[in-house]
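Every value quoted in this text rests on a predicted model; they were computed, and no experiment measured them. Counting begins at 1 with the first residue of the sequence.
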Amino acid sequence: RKPAKTTRTEVMATARKLSGLQKDVLSLYRSLLRVAAQKDRAEGQHIPITTLFTSIGGAGETTTTSHARAEFRRQCAEVKRSDFRTIEYLIRKGRKHVKLLQMPGVKGTSSFGGGGR
């Protein structure tokens, strides 16, 4: 007897459902990466960023997308999963940052939120 192939739909159905807060975080992450990629394309792929975070990889030139990804992951590592107030605060702050990046005059970023409360 041949083993049945698992389809993507079946995998998604067996995966654990995400909470509302988890969905908000994923939505923010996707929108942040989408806007950062648009900025990279608009500015010719390389945007000089004055980074305040030497632990990410130092100063110099980097793309907005790579900076956004690294900073998002850094802040995720600093916050406990059970700290709902800080997570909600960072989501609100992140949404404001996405709106700022969407403005036509903004070229890149110099900071992403700066950490928790």
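- Panel note: side chain Glu71, backbone Ala68; no donor-acceptor pair is recorded below 3.5 Å.
- A salt bridge links Asp24 to Arg95: one of the charged nitrogens lies within less than 4.0 Å of a carboxylate oxygen.
- Looking at Lys39, its side chain does come within 3.5 Å of a backbone N or O of Leu101 through a donor-acceptor pair.
- Under the 4.5 Å side-chain heavy-atom criterion for grouping Ile, Leu, Val, Met, Phe, Trp and Tyr, Leu26 is not connected to Leu33 through any hydrophobic cluster.
- For the atom pair Lys17 NZ and Lys23 NZ, the distance stands at 7.5 Å (nearest 0.5 Å).
- Counting heavy atoms from C-beta outward, Gln22 and Arg81 have side chains that approach closer than 4.5 Å.
- Distance check: Lys93 NZ to His97 NE2 gives 10.0 Å after rounding to the nearest 0.5 Å.
- Taking NE2 of His67 as the reference point, atom CG of Leu32 lies at 9.5 Å (rounded to 0.5 Å).
- Rounded to the nearest 0.5 angstrom, Arg41 CZ and Thr64 OG1 are separated by 11.5 Å.
- Using a 4.5 Å cut-off on side-chain heavy atoms (C-beta onward), Tyr29 and Arg34 make no contact.
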Could you walk me through whether Tyr89 and Val79 pass the side-chain contact (heavy atoms from CB on, under 4.5 Å) check? CA-CA 11 Å; Tyr89 166 75; Val79 178; over 6 Å; no
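- Of the inter-residue distances, the one linking Leu18 atom CG with Ser27 atom OG reads 12.0 Å to the nearest 0.5 angstrom.
- When all heavy atoms of Ser31 and Val98 are compared, the closest pair comes out as OG-CG2, 4.1 Å.
- Using a 4.0 Å cut-off between a side-chain N of Lys or Arg and a carboxylate O of Asp or Glu, Arg85 and Glu88 do not qualify as a salt bridge.
- For the atom pair Ile91 CD1 and Leu28 CG, the distance stands at 6.5 Å (nearest 0.5 Å).
- Not one N or O on the side chain of Thr86 forms a donor-acceptor pair closer than 3.5 Å with the backbone of Asp83.
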